[in-house]
Asks: 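So that we are looking at the same thing, I have put the structure below in structure tokens.
Numbering of ligands and ligand atoms starts at 1, following listing order. Throughout, numbering of the chain's residues begins at 1 and tracks the sequence. Because only heavy atoms are used, hydrogens play no part in the values below, and waters and symmetry mates are left out as well, while side chains stay in.
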Amino acid sequence: MKFLKVLCLLVGLAMILAVMGCGAAPAAPAAPAEEKPAAEAPAKAKKEYKDLTVCYPQLGAESDWRTANSASLKETAEKLGVKLVFSDAQQKQENQISAMRACIQQGVDVVALPPVVEDGWDAVLTEAKDAGIPVIIVDRSVSADKSLYAAHIGSDMVLEGKKSGEEMNKLLPEGGKIIELSGTTGSGAAVGRAKGFRETLAKNIEILDSQTGNFTTAEGKPVMEAFLKKYAGEIDGAFIHNDNMAIGAVEAIKAAGLKPGDIKIVSVDGTRGGFQLMIDGWVQADVECNPLLGPQVLEMALKLANGEAVEPETLTNETVYFPDKAAELLPSRQY
Ligand code: GYE
């Protein structure tokens with residue numbers, strides 16, 4: 001049976017070839033490509049920045065960090081001549097997913113995704129992979145399997161949390177009670193910072209409460225107000241996951257009649273706003289988180305578009321800033 005099928009196929013093929021041969025233009029010379037040795041075949045042209053379309057479905061505009069991050073991508077793309085497909089998901093994962101799907105449909109070369117939360121990316125990452133579009137995870141992490149994306153570029157959020165814990169220990173050497181104003185629930189930044197913080201926090205420091213302020217000044221303020229009411233006179237320190245929430249929290253602390261230093265604050269990002277809070281005495285340590293990722297992301301995007309190998313994990317080098325140098329450094333801060 002099998003033999004018969006194969007035979008039929010071969011006969012069919014022979015007939016097709018015969019018909020093609022008869023129909024061909026009589027004097028047509030054999031295609032030159034056929035005679036060329038394989039080595040001389042023209043190599044596929046390497047893409048340059050000007051040929052590159054990169055999708056950046058930004059997660060939102062919740063903070064000064066985010067504004068600086070968006071600006072870094074846009075400015076770098078403009079400078080290099082890369083076409084950037086930019087959108088703002090307003091901190092909603094479903095918006096980011098739709099934006100990414102539109103980019104896949106459009107056939108962009110690379111997607112660079114700053115994920116608002118860690119979970120729930122498997123489906124769309126698989127769609128990108130099936131479409132042959134490499135994805136760079138930028139800034140926060142995802143929980144999806146590493147085979148679904150090409151690389152991650154961003155900060156070590158757990159390390160930032162650890163540094164924050166160490167600073168809190170130094171600020172409260174006798175121990176004390178603190179509250180945590182956390183970032184967006186389920187985001188790699190909030191999860192990592194909370195984890196690292198708890199790993200280094202001294203045993204004599206108690207975390208009274210932890211609530212999210214969604215990384216915004218507007219939401220940080222009422223959360224701090226509620227803490228101040230609930231734990232009146234009890235709060236020695238505050239770990240605040242970003243400078244924008246710290247700005248809101250300080251407004252609440254001021255309104256409650258407290259003075260700079262009454263509540264020791266460790267914040268994260270190192271934005272100009274955070275530096276100003278240090279200058280004014282409200283924040284005692286600001287753990288740097290660098291948003292200026294545009295150059296690294298677009299350099300990697302070009303490599304990926306050309307099928308080159310890239311580092312699977314690129315972590316940003318970061319420091320901790322203190323009030324003593326804040327006034328001197330503020331003018332040179334880029335965000
Ligand atoms: O710390 C915060 C922003 O994911 C590292 O998101 C980022 C964080 C940053 O809203 O300000």
Asks: Which ligand 1 atoms does Ala189 reach within 4.0 Å, using its non-hydrogen atoms?
Replies: 4 (O)
Asks: Counting from 1, what ligand 1 atoms have a heavy atom of Ser63 closer than 4.0 Å?
Replies: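 Once the distances to Ser63 are compared, the set is 2 (C), 3 (C), 10 (O), 11 (O).
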Asks: Which atoms from ligand 1 have a heavy atom of Glu62 less than 4.0 Å away?
Replies: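 Those of ligand 1 that fall under 4.0 Å from Glu62 are 3 (C), 6 (O), 10 (O).
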Asks: Show which atoms of ligand 1 fall inside a sub-4.0 Å distance from at least one heavy-atom site of Asp139.
Replies: 4 (O), 5 (C), 7 (C)
Asks: Would you mind running through ligand 1 and noting each atom that sits below 4.0 Å from a heavy atom of Met157?
Replies: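 Near Met157, the atoms of ligand 1 are 5 (C).
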Asks: Any donor-acceptor pair under 3.5 Å linking the side-chain atoms of Thr314 with those of Gln296?
Replies: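 No, no side-chain donor-acceptor contact under 3.5 Å.
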Asks: Any donor-acceptor pair under 3.5 Å linking the side-chain atoms of Gln58 with those of Ser70?
Replies: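 A donor-acceptor contact under 3.5 Å links the two side chains.
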Asks: I'd like to know if Arg193 contacts ligand 1, where contact means a heavy-atom distance under 4.0 Å to any ligand atom.
Replies: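 True for this residue.
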Asks: On a heavy-atom basis, I'd like to know which of Leu293, Asp269, Asn214 is closest to atom 9 (C) of ligand 1.
Replies: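 Closest candidate by heavy-atom distance is Asp269.
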Asks: Are Val191 and Glu118 side-chain neighbours, meaning at least one heavy-atom pair lies under 4.5 Å?
Replies: yes
Asks: Enumerate the atoms of ligand 1 whose separation from the nearest heavy atom of Cys289 is less than 4.0 angstrom.
Replies: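 Selected atoms, number and element: 5 (C).
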Asks: For ligand 1, which atoms sit closer than 4.0 Å to a heavy atom of Arg66?
Replies: 3 (C), 4 (O), 6 (O), 7 (C), 8 (C)
Asks: Could you check whether Thr184 and Asn214, counting side-chain N and O atoms only, form a donor-acceptor pair closer than 3.5 Å?
Replies: yes
Asks: Calculate, to the nearest 0.5 Å, the distance between atoms CG and NZ belonging to Leu298 and Lys303 respectively.
Replies: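 That separation rounds to 13.0 Å.
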Asks: For atom 6 (O) of ligand 1, find the nearest protein heavy atom and state the residue, atom name and distance (0.1 Å precision).
Replies: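 Of the protein heavy atoms, Arg140 NH2, 2.9 Å lies nearest.
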Asks: For Phe239 and Phe197, take the angle between the two ring planes, folded into 0 to 90°, and tell me which bin it lands in: parallel under 30, tilted 30 to 60, perpendicular over 60.
Replies: parallel
Asks: Taking atom types as modelled, is there a side-chain donor on Asp88 or Tyr56 under 3.5 Å from an acceptor on the other?
Replies: no
